[in-house]
Each structure stands twice: as structure tokens, then as C-alpha cells.
Amino acid sequence: MSAHGPVTPMTAQRSGPLRGTVAVPGDKSISHRALILGALAVGETRIAGLLEGQDVLDTAAAMRAFGATVTRHGPGVWTVAGVGVGGFAEPDHVIDCGNSGTGVRLIMGAMATTPVAATFTGDASLNKRPMGRVTDPLTMFGTRAWGRQGGRLPMTVIGAAEPVPVRYTLPVASAQVKSAVLLAGLNAPGQTVVIEPEPTRDHTERMLRGFGAEITVIDTPEGRVITLTGRPELRPQTVAVPRDPSSAAFPACAALMVPGSDIRIPGVSQNPTRNGLYLTLRDMGADIAFENLREEGGEPVADLHLRFTGTLRGIAVPPERAASMIDEYPVLAVLAATAQGATVMRGIKELRVKESDRIDAMARGLEACGVQVSESEDSLTVHGCGADGVPGGATVQSRLDHRIAMSFLCLGLVARAPVAVDDAGPIATSFPAFEGLMRDLGADLRED
Ligand code: S3P
């Protein structure tokens with residue numbers, strides 16, 4: 001079974017040029033945060049462009065369980081009547097975050113300094129993922145947590161009744177951990193400080209500022225020092241969610257692989273903590289134009305125009321770029337399979353603890369499609385098939401991982417023989433319209 005629905009095998013066949021304009025959904029990271037910050041504000045937050053993927057729907061349900069009133073008014077248009085910082089009620093049932101690491105980790109942070117208890121669970125993928133990275137700093141506030149061995153879900157968290165502020169240096173480059181600590185810091189007196197040696201996506205900082213919190217960010221030799229003053233009254237906001245660069249990555253890479261393609265993707269976030277894939281694609285020789293650069297909802301956005309111009313060249317991806325493209329390595333790996341020469345991706349150990357072990361999932365899937373790869377604990381090298389083409393002709397396990405499923409379906413559009421995934425169901429967690437939108441561009445995708 002998929003996370004939330006029946007198993008859906010799907011096959012991608014070699015396709016003609018991809019043409020047209022594709023409206024990818026709202027940003028997943030910002031959608032989670034809009035619901036959570038809306039729930040922590042006093043009054044009604046309005047959200048337009050919310051991603052209505054299962055991950056975000058699970059966060060909406062969780063916010064209701066903690067006492068907020070969350071209402072859908074139309075496609076992507078939602079309101080959240082918040083209960084204020086420290087105002088969370090105790091949920092009367094287990095919080096099921098489905099497939100979403102972002103959802104569970106941010107919500108644990110948001111409730112960690114309010115004296116309520118909550119039990120969290122998820123699907124088979126989420127229940128394997130490490131939560132200690134979040135509960136370790138949360139216990140410094142006075143929060144208590146009991147989970148399964150290795151800090152796995154299901155887990156019960158008891159919020160601190162008398163929280164103390166925390167100063168914490170991130171041991172891993174993780175926006176989820178940073179955000180959990182900052183959200184916990186909201187209801188601690190005094191100043192909570194997070195130091196991140198490597199910058200990660202900064203939506204929480206931007207949005208906290210937008211909701212009226214006092215937050216400063218200073219670049220220092222030890223990294224970015226983020227200081228949040230606790231116990232603000234968050235003011236409700238109108239949030240316009242930009243389109244998700246991580247979802248845009250799939251049609252974008254497909255267009256760069258399928259000969260003759262010419263597509264546009266409007267309104268995509270160009271936040272510099274998220275745009276590493278697009279810099280990398282340009283380094284590989286891709287033709288990408290960033291048109292109408294502007295600001296929307298506090299985030300830089302642009303209309304992307306991508307044209308196939310021929311085989312791209314393999315490169316060594318700068319490891320310092322990893323955090324800004326962490327979710328894009330699976331689709332980059334399939335694009336690299338079609339390139340000329342090797343693409344070397346280093347410094348990507350975090351991929352081993354995503355919705356699946358993405359280094360292993362990509363390596364095994366690419367091998368099954370006739371592509372030569374090598375891997376280490378924190379790297380993946382893909383030897384491009386170039387003009388000879390990727391053989392394909394395999395069914396790949398999607399391992400409850402939406403990005404693995406979408407990546408291999410994109411590869412199937414150019415491989416010599418079709419590529420199937422055993423279950424495309426998980427795609428609904430982040431990009432429910434993927435199949436229809438890709439078909440509209442000219443992709444031959446078939447449910448088996
Ligand atoms: C996210 C942070 C990243 C990313 C995830 C979304 C977020 O995870 O992989 O899809 O919204 O904060 P890590 O913080 O674990 O790197």
C-alpha cells in the first residue's frame with residue numbers, strides 16, 4: 001500500500017518534445033510553515049497558493065488537533081484562525097504526519113514549549129526516520145520525549161511547562177532542525193539562538209519576521225547566528241505561497257532531457273537557499289532563462305523558460321551547494337544519466353535519511369536501467385550514457401518516496417525502453433497533479 005491510497009504502478013515511455021506552460025504547485029516548505037505560524041498567531045491568517053498535497057493536508061489536520069480553526073475556501077485558498085503562542089490545546093488523538101518529516105519535526109518544535117502531551121506517528125517511511133536530531137535540542141528547553149529505539153516514531157512529546165531559552169549549534173545542515181528549535185523558542189522567555197555552520201533554507205526566519213517576531217540573522221565566522229526573542233504576539237498574515245522549485249525540478253529536468261522541448265514554468269521561488277539545482281543545470285550547459293524576476297510574498301520569484309539544446313555535460317557538483325538543492329539530487333541523478341561524462345555528487349550523506357535512502361534508491365534504480373554508477377556513504381557518481389541513450393526497460397521501486405517515483409518517470413521519457421515505477425501513489429504527498437501536468441506537456445505516462 002501507498003501511504004494513503006492504493007498502489008499505483010505507472011510507466012513512462014519515450015516521448016516527443018515537451019511543450020507548453022506548466023503551473024507547478026505551491027512550495028511545500030512554505031505551505032507547512034504558513035499553517036503552523038497561522039496556528040500560532042492571534043487572529044485569522046489567509047493563505048493563497050497552499051500546496052494541497054497529502055503532507056500539507058496532514059499538517060493542516062494536526063493544527064486542528066492542537067486547537068486552530070483551519071478552513072479550505074477553494075483551491076489553494078485557506079484560512080487559519082490561530083490560538084496564539086503558547087495557546088496550543090492538548091490533542092485528543094494521535095497525530096499522524098503521514099510521509100512528512102518536515103510536518104512532524106516542525107510540529108514537535110511548535111508544541112515543545114507548551115505544557116501539553118502529543119503522540120506522533122507516520123507511515124512506514126516516516127517511522128524509520130531519525131527524530132533524535134529534533135528531540136535532542138528540544139530537551140534543552142525542558143521538553144521530554146519517548147520514542148522507539150533510535151529515536152523513531154511513534155513518539156510521545158511532553159511540552160515544557162517552564163521552558164528555558166536555548167543556544168544551539170546545528171550538528172547537521174537541516175532546516176527542519178533549525179525550524180523546530182526556533183518554533184520552540186517562540187514560547188520560551190528570553191532569546192533562543194541557533195547557529196548554522198552551513199546555510200539552509202530560510203523560510204522560517206523570513207516568515208517569523210513577517211508574522212511580527214523579533215529575529216536577527218548575522219553572518220559570522222562560525223556560521224549564521226539566528227537570534228529569536230521569545231513570547232512575541234504573532235500577527236496574522238496574508239501569505240502568497242510561491243511555486244515550489246523542488247516540484248518545478250521535474251518538468252524542468254524532463255525538458256532538458258527530451259529533444260526539442262521548450263517549456264515555461266511561471267512564478268517559481270528563486271530563494272538563494274533553494275536554487276542550487278538551477279545553478280548546477282547551467283553549469284552542465286542547460287539553456288534556462290529566469291524571466292520577470294520579482295518579489296512575491298517575501299520571496300524572490302521568476303518565470304522559468306527551459307529549452308533543450310542538446311546533451312548536457314557531467315560535472316562535479318560543488319558540495320557546498322548541497323543544502324540548497326538537497327531534494328533535487330534524485331532528479332539530477334537521472335538527468336546525469338543522459339549527460340556526456342560523469343556527474344559527481346559529494347557531501348550528500350543527508351540523502352540517506354530522507355523519505356528513503358535516496359543514494360541507494362537512485363543507485364539501484366539507475367543500475368536497473370543500465371546506467372553505471374558508483375557510490376560511497378556520502379556521494380554518488382553517475383556515468384552518463386550521452387548520445388547512446390539510457391537503456392531503461394526496468395521497473396524501479398519507489399520506496400514510499402515521491403521524488404524517487406517522479407525522477408524515474410522523467411527518465412522513462414527519454415530512455416530507449418520504458419521505465420516503470422512499482423508505485424506512483426507517493427507522488428500525491430507533494431505534487432498531486434504531476435501525472436496530468438506532465439501529460440499536458442506531452443509526456444507519455446500510463447497507469448498500469
Ligand atoms: C525541509 C528541509 C529539508 C528538505 C525537506 C523540507 C523544510 O530537510 O529535505 O524536504 O521544509 O525545512 P532537512 O532539514 O532534513 O534537510
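Order of appearance sets the numbers: ligands from 1, and atoms from 1 within every ligand.
- Only the side chain of Arg33 comes within 4.0 Å of ligand 1, counting heavy atoms alone; its backbone N, CA, C and O stay farther away.
- Backbone and side-chain nitrogen or oxygen atoms of Ala175 are examined, and one is located within less than 3.5 angstrom of a nitrogen or oxygen of ligand 1.
- One distance of note links CZ of Arg129 with CG of Asp123; it measures 9.5 Å at 0.5 Å rounding.
- Exactly one residue among Val134, Leu138, Thr135 makes a side chain to side chain contact (heavy atoms under 4.5 Å, CB included) with Arg105. That residue is Val134.
- Annotation for ligand 1: atoms under 4.0 Å from non-hydrogen atoms of Ile326 are 9 (O).
- Across every non-hydrogen atom of Leu411 and Met257, the tightest pair is N-CE, 4.3 Å.
- Using a 4.0 Å cut-off to heavy atoms of Thr102, the atoms of ligand 1 that qualify are 1 (C), 5 (C), 6 (C), 7 (C), 11 (O).
- Looking at every heavy atom in both residues, Pro6 comes nearest to Asp423 through O-OD1, 4.3 Å.
- Shown in contact with Asp327 at under 4.0 Å from a heavy atom are these atoms of ligand 1, numbered in order with element: 4 (C), 5 (C), 9 (O), 10 (O).
- At a heavy-atom distance under 4.0 Å, no atom of Lys178 approaches ligand 1.
- For Arg321, the side-chain hydrogen bond (donor to acceptor under 3.5 Å, both in side chains) partners at least two apart in sequence or on another chain are Thr280, Asp283.
- Remark: among candidates Arg129, Gln176, Lys354, the nearest residue to atom 16 (O) of ligand 1 is Lys354, based on non-hydrogen atoms.
- If you take CG on Leu445 and CE on Met10, they are separated by 6.5 Å, rounding to the nearest 0.5 Å.
- For ligand 1 and Ser174, the ligand atoms under 4.0 Å from any heavy atom of the residue are 13 (P), 14 (O), 15 (O), 16 (O).
- By the criterion of a heavy-atom distance under 4.0 Å, the side chain of Arg201, and not its backbone, is placed next to ligand 1.
- An N or O contact shorter than 3.5 Å is missing between Arg105 and ligand 1 by distance.
- Backbone and side-chain nitrogen or oxygen atoms of Glu350 are examined, and none is located within less than 3.5 angstrom of a nitrogen or oxygen of ligand 1.
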